[in-house]
Amino acid sequence: MANAWLLQPLPIVDVTTSGTLQMGTGLNVANDYAGVICQLAMDGSGNGAYFRIDLGADTAFDTITAFGVELAPPSTAVYVSYATAAQGPFTGDYTSVPTGVNAYAGSAPMSSGKGVTIWSLNAPVVARYVLISYGAGNSSASVRISRLVIGQRIQLERNFTFGGTFGVKDLGSVDFSRRGVLLRQRGKKLRTTAITFSNQRKDEVEAKTKPLIEQLGNTEMLAIVTDPTPDAQRQNRCYFGPLVGDLNHTWRNAAAWEWKVNLVSLF
């Protein structure tokens, strides 16, 4: 088991797309609402169906995750290219990463029927424009995405401890009338995770996770991959949503800090 990834989304200022736009707009993939999507038809060209992301300025990143991936065939490959502000939005030189990944991070489906794409580099790169291509050469399919997350992952030296909790927050309600009749209002079931990093070092707290929670609070989004190791279940180990509860670090002893992470996932 590899140590968990924590990924704070970088701001996305603009998105342009290729092929036939079947539903939504490109900028929908920068929206935190799960029901807001962008659906593209794969055009069969060398770029397939692509999303061209503008981060607004040259920014370091090493990881891309896409949540709410649907419709793309299981064999769909995803490729990434990037360019700096000086190079322009793929009008001059740019860098293509030759190794692609599968559109679905694991073969085991999620209960929602939606999937997750994971693409990462071993070291950060700096760029303003990012081209994410789905299904090059496949002209008979579409791809639908809810949220693209680009950022620089935090992977702590020591993983979260045993005792992690993985559950569901049911937004519906159930009650009974005075005569014992079931009164039920069905609602969305959101996945939840609660993990504790019990052995953080002081430099990690001060340089990484304390600034992170100061920026996120309880209203901004965070992506978590509890185990990024390639596996059939990997996309079921991916979460994206707000942190809930108190946000703090506890100094347990001279060499270890504790941080409890509770997240309600939108996907």
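Count residues from 1 along the sequence.
Using a distance-only test at 3.5 Å, with no hydrogens or angles considered, a donor-acceptor pair links the side chain of Ser18 to the main chain of Tyr50. A donor-acceptor distance shorter than 3.5 angstrom exists from the side chain of Arg191 to the backbone of Asn236, with no hydrogens or angles considered. Side-chain atoms of Gln235 never come within 3.5 Å of backbone atoms of Gly115 as a donor-acceptor pair (strictly under, hydrogens ignored). Looking at Thr117, its side chain does come within 3.5 Å of a backbone N or O of Ala103 through a donor-acceptor pair. The closest donor-acceptor contact from the side chain of Asn218 to the backbone of Leu243 lies under 3.5 Å. Between the side chain of Ser112 and the backbone N or O of Lys114 there is at least one donor-acceptor pair closer than 3.5 Å. Without hydrogens or angle criteria, Asn262 side chain to Gly245 main chain gives no donor-acceptor distance under 3.5 Å. A donor-acceptor pair is defined here as one N or O able to donate and one able to accept, closer than 3.5 Å; such a pair exists between the side chain of Ser177 and the backbone of Arg179. The backbone N or O of Ala256 sits less than 3.5 Å from a side-chain atom of Asn253, completing a donor-acceptor pair. Between the Thr91 side chain and the Gly88 main chain, no donor and acceptor come within less than 3.5 Å of each other.
Looking at Asp58 and Arg128, no side-chain N of the basic residue comes within less than 4.0 Å of a carboxylate O on the acidic one, giving no salt bridge. Classification of Arg52 and Asp14 as a salt-bridged pair fails, no side-chain N sitting under 4.0 Å from a carboxylate O.
Using a 4.5 Å cut-off between side-chain heavy atoms of Ile, Leu, Val, Met, Phe, Trp and Tyr, with links allowed through other members, Val78 and Ile145 fall into the same hydrophobic cluster. Ile154 and Leu263 fall within a single hydrophobic cluster, where Ile, Leu, Val, Met, Phe, Trp and Tyr side chains are chained together by heavy-atom contacts under 4.5 Å. Each of Val205 and Leu156 belongs to its own hydrophobic cluster when Ile, Leu, Val, Met, Phe, Trp and Tyr are linked at side-chain heavy-atom distances under 4.5 angstrom. Linking ILVMFWY side-chain heavy atoms closer than 4.5 Å, directly or via other members, places Tyr104 and Ile64 in a single hydrophobic cluster.
The minimum heavy-atom distance between Thr99 and Trp119, with the atom names listed, is O-NE1, 4.1 Å. The heavy-atom pair separating Val101 from Ile118 by the smallest distance is CG2-O, 3.6 Å. Annotation for Ser120 and Arg153: closest pair CB-NH1, 3.6 Å, computed over non-hydrogen atoms.
In this structure, the separation between NZ on Lys208 and CD on Gln155 is 9.0 Å, given to the nearest 0.5 Å. Between atom CG of residue Asp62 and atom CG of residue Leu121 there is a gap of 7.0 Å, rounded to the nearest 0.5 Å. With values rounded to the nearest 0.5 angstrom, Ser81 atom OG is found 15.0 Å from Tyr129 atom OH. Note that CZ of Arg184 is 10.5 Å distant from OG of Ser173, once rounded to the nearest 0.5 Å. To the nearest 0.5 Å, atoms CD1 (Ile53) and CD1 (Ile12) are separated by 5.0 Å. Note that the CE atom of Met23 and the SG atom of Cys38 stand 10.0 Å from one another [nearest 0.5 Å].
Trp259 pairs by the ring pair (Phe, Tyr, Trp, His ring centres under 6.0 Å) definition with Phe197, His249, not counting sequence neighbours. Evaluation of the side-chain hydrogen bond (donor to acceptor under 3.5 Å, both in side chains) rule for Asp170 yields no partner, not counting sequence neighbours. Listed by chain and residue number, Glu70 satisfy the salt bridge (charged side-chain N to carboxylate O under 4.0 Å, His left out) test with Arg144 (two or more places apart in sequence, or in another chain). Residues satisfying the side-chain hydrogen bond (donor to acceptor under 3.5 Å, both in side chains) test with Gln200, not counting sequence neighbours, are Thr209.
Within the structure, ring pair (Phe, Tyr, Trp, His ring centres under 6.0 Å) contacts touching residues 203-248 (residues at least two apart or in different chains) are Phe67-Phe240.
At a cut-off of 3.5 Å, with distance as the only test, a side-chain donor of Thr229 or Asp227 sits close to an acceptor on the other residue. Side-chain contact of Ser142 with Gln22: a donor-acceptor pair under 3.5 Å is present, judged by distance alone. Remark: the Gln8 side chain and the Gln215 side chain contain an N/O donor-acceptor pair separated by less than 3.5 Å.
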**OP:** Take Val261 and Thr196 through the side-chain contact (heavy atoms from CB on, under 4.5 Å) test and state the conclusion after the steps.
**Re:** CA-CA 6 Å; Val261 180; Thr196 301; over 6 Å; no
**OP:** Could you give me the CA-CA distance, side-chain angles and deciding distance for Val126 and Thr84, then say whether side-chain contact (heavy atoms from CB on, under 4.5 Å) is met?
**Re:** CA-CA 7 Å; Val126 175; Thr84 64; 5.7 Å; no
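The number of heavy-atom neighbours closer than 6.0 Å to CZ of Phe90, taken from other residues, nucleotides and ligands shown, is above 12. Remark: Gln185 CD is loosely packed, at most 12 non-hydrogen atoms of other residues, nucleotides or ligands lying under 6.0 Å away. Around CG of Asp246, the count of heavy atoms belonging to other residues, nucleotides or ligands within 6.0 Å does not exceed 12. No more than 12 heavy-atom neighbours from other residues, nucleotides or ligands sit within 6.0 angstrom of NZ on Lys169.
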All N/O donor-acceptor pairs, side-chain side in residues 27-34, below 3.5 Å, sequence neighbours left out:
unit_1, atom_1, unit_2, atom_2, d
Asn28, OD1, Thr25, OG1, 3.2
Asn28, ND2, Ile37, O, 2.7
Asn31, OD1, Tyr33, N, 2.9
Asp32, OD1, Arg147, NE, 2.8
Asp32, OD1, Arg147, NH2, 3.0

